[in-house]
Amino acid sequence: MDSVAEARPLSPTAKRSRFSRLLRKYALQIAIVFVALAILAFFIWRAPITFLSYDIYYSLMSTTPFFALIAIPLTLVIIAKEIDLSFTSVMAWGMTAFDVVFVATNNVWLGFIACLLAGLFAGWVNGMIVVKLGIPSLVATIGTQFLWRGVVLVVTNGQGLGLSAVKETVLYSALVGKIGDVIPAQFVWTIIIAIVIWFFLNRHKFGAHVYLVGDNADSAKLMGVDVGRTKILTFTIVGLAAAFAGFVVSTQVNYFWPTLGEGYLLNTLASVFLGGTSVFGGTGTIFGTFIASYIIAIINPGIVAAGWTAYWTQLIYGFIIVASVSLQAVLRRRLN
Amino acid sequence: MDNLLQLKNVSKTFGEVSAVHDVNLEIGTNEIVGLLGDNGAGKSTLVKLITGYHRPDPGGEIYWRNKKVDHLSVPKARELGIEVVYQERALADQQSLWRNIFLGREISNRWGMLDVKTMQHETQKLMHTAMGFTSSAVTSESVVGTFSGGERQGVAITRALYFKAELIILDEPTMGLSLSETRKCLDFVASIKAAGKAAVFIDHNIFHVYPVVDRIVVLDRGTVAGQFMKNELTLDELLDRLYRVAQTGSLENNQGATR
Ligand SMILES: Nc1ncnc2c1ncn2[C@@H]1O[C@H](COP(=O)(O)OP(=O)(O)O)[C@@H](O)[C@H]1O
Ligand SMILES: [Mg+2]
């Protein structure tokens, strides 16, 4: 049947059913785009001066990556039916490794590599604790969140580090420079990382296994999927991404604060869930997380620009998150 | 008959529970073996030992074509040509049909990049040939969680069939199926024989098992209580003996059947 259908132009009904099939398949992604556009339209209406100028978009592109860079890989962990709450501390732990190595060698690049390796290691430790010891990731990563923050505070003695040396290297312009004066480099990195992770999630065995492991770990195991290795890998990627994001944030502000990462937890998690990834595992998209992170980011400046007090921010956050997640639940039920 | 698979002194203990105890079993090439036994007799555990999902306790040995297999794993068992339709179906409900067909052995290049087009195309083909899906609402992109019991079983069987197995194990495949679906399933088991392959068929209903198998093995509380060739025994005699197993835990007069 399919070869015949391919050879012939589609009949109107076949076209319609293909269209409705696509609509179903991408329903959640379409919905999140509409939510984003509706919010944007609202702010353009309420605060045209701010939202019709480029500055606000530039500022969104430069600050949203700070948590979107983590939310995107965190989507993998949540699709695999796990969670990671430790990345806020891992951001600072990566910079602590940078601190130690940079102070010892005076080499920014060595410090940068140490930072990434430290993040990789912290993520791997999370994975090992969850997989090999069988501790629920919620508990394990609350533990490691305290653990790495503790290491940071002990090693740095609570002292920060000026990063003017980073500014003198090409790393600075590569990570947080302006591209043609219109696009911040970190936005480009966020897009690149989103595409790479999208690719691995949708076009690679690893991603196929991430979905399977989150959907039904028993089935995956029976069919020979290495469930443990898949999970460990997702945690490791988040660790790496957290350290990278920590480096980007610190480079942007030219200073490493030992409190780095605090305040990122809820924005990051909200981006993943608002983006349509289910906490029950097995479903979720990188595209959804990406769009959702910008929804989260636009609300605060939007409210202020619209002339309300920032006190409204949390209320509106809460409303949008609860409404969107409910909408997703209804959509999902309707579609299946 | 040549041995395809042979288990020697295979046991499996879960903590305190001895699920399978000192089992010796052969399966010949092109032989259909019916495995009977009560709930909890250890049938599914035995299956998972054969597929490499469980490792036997020390001392147990597994032979494939008379060669000892060390460290059997799920991928290794597949490489040998062992396919299973698990009692629990082993599907991922929120994933598409094609992802379920290729679950755990996605078609990919050597860097692990998926060949999605080929997998979708193969699935589409299988739907019309092997699975017999007629509804146009079902495509290779359909999510299997929406399928009926029979359709889900069709997916599990088709998956086992697609990969050109030498030995197909079906663990209670008729569970929850309608009459016509059961009929199809039994025809499928018979077709394995015709195709020159071997099978282990597990089912509670001996009226299902008896017509399609060559030999019957009865498992009771983790051990082989007896086995006999079908042509040595009428269905009535079989029923009689099974009743006796349930009573005493052993089959009498089974010497003639041990080979
Ligand atoms: N993974 C496991 N952990 C602990 N006990 C198990 C496990 N799998 C099976 N068992 C136990 O082993 C025995 C045999 O189970 P099973 O092989 O499923 O029997 P059957 O398939 O014949 O009904 C049962 O007592 C069951 O509770
Ligand atoms: Mg069973």
Side-chain angles (χ1 to χ4, degrees), chain A residues 1-6 10-11 13-14 16-18 20-28 79-81 199-227 229-230 233 276-278 280-284 332-336, chain B residues 44 47-48 51-54 73-79 83-84 86-96 98-109 111-116 119-121 123-125 127-128 133-134 136-146 156 159-160 171:
Chain A
M1 171 223 142
D2 54 326
S3 59
V4 179
E6 266 163 38
L10 288 170
S11 68
T13 52
R16 201 176 311 136
S17 81
R18 176 182 279 186
S20 79
R21 212 173 280 145
L22 283 175
L23 208 61
R24 274 162 172 269
K25 191 176 168 204
Y26 296 108
L28 288 182
I79 292 173
K81 212 177 182 172
F199 178 83
F200 274 96
L201 184 58
N202 294 286
R203 291 290 179 272
H204 194 273
K205 267 186 152 168
F206 166 65
H209 292 179
V210 169
Y211 278 116
L212 295 168
V213 160
D215 192 334
N216 190 330
D218 290 331
S219 294
K221 220 184 265 174
L222 283 171
M223 299 307 285
V225 173
D226 194 333
V227 172
R229 202 185 60 180
T230 305
L233 203 49
T277 299
S278 162
F280 300 114
T283 59
R332 232 179 242 128
R333 207 168 309 143
R334 288 277 303 270
L335 293 179
N336 292 333
Chain B
S44 296
V47 168
K48 287 172 188 167
T51 63
Y53 180 80
H54 290 316
S73 64
V74 175
K76 199 161 169 180
R78 276 180 179 165
E79 234 167 80
E83 287 292 333
V84 206
Y86 284 106
Q87 184 172 359
E88 46 277 65
R89 310 292 199 249
L91 299 175
D93 280 349
Q94 299 173 80
Q95 311 307 316
S96 62
W98 70 264
R99 281 184 187 264
N100 272 282
I101 294 282
F102 292 94
L103 206 169
R105 50 187 143 176
E106 299 77 13
I107 300 177
S108 63
N109 67 14
W111 293 288
M113 279 148 67
L114 300 178
D115 185 349
V116 175
M119 287 190 276
Q120 286 173 334
H121 190 77
T123 305
Q124 200 75 32
K125 242 173 24 190
M127 281 167 53
H128 296 289
F133 281 138
T134 44
S136 66
V138 176
T139 71
S140 64
E141 282 291 338
S142 299
V143 167
V144 304
T146 59
R159 181 168 67 183
D171 193 352

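Chain A is the first sequence line, chain B the second, and so forth, proteins listed ahead of strands; every chain is numbered from 1.
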Polar side-chain atom of Q94(B) near backbone of G214(A) as donor-acceptor pair, under 3.5 Å = no
request  = Please determine, among R99(B), R78(B), E88(B), K48(B), the option with the most heavy-atom pairs under 4.5 Å with chain A.
outcome  = R78(B)
message = Return the CZ to CG distance between F206(A) and L114(B), rounded to the nearest 0.5 Å.
response = 12.0 Å
query = Is it the backbone or the side chain of R89(B) that comes under 4.5 Å from a heavy atom of chain A, or both, or neither?
reply = neither
request  = Examine whether an atom of L91(B) lies under 4.5 Å from a heavy atom of chain A, and if so say whether it belongs to the side chain, the backbone or both; otherwise answer neither.
outcome  = backbone
query = How far apart are the closest heavy atoms of P75(B) and G224(A), and which atoms are they?
reply = CG-O, 4.3 Å
note = Interface check, chain B: of L212(A), N202(A), V225(A), most non-hydrogen pairs under 4.5 Å belong to L212(A)
remark   = Scored by heavy-atom pairs under 4.5 Å with chain B, the best of L222(A), N216(A), T283(A), D218(A) is L222(A)
query = Would you say M113(B) and H204(A) make side-chain contact, with heavy atoms under 4.5 Å?
reply = yes
inquiry  = Do M223(A) and V84(B) have side chains that approach each other closer than 4.5 Å (heavy atoms only, starting at C-beta)?
reply    = no
message = Are more than 12 heavy atoms, taken from residues, nucleotides or ligands other than Y26(A), located less than 6.0 Å from that residue's OH atom?
response = no
ask   = Is atom NZ of K221(A) surrounded by more than 12 heavy atoms (other residues, nucleotides or ligands) closer than 6.0 Å?
value = no
task = Below 4.5 Å from any heavy atom of chain B, which atoms of F200(A) appear? Answer side chain, backbone, both or neither.
result = neither
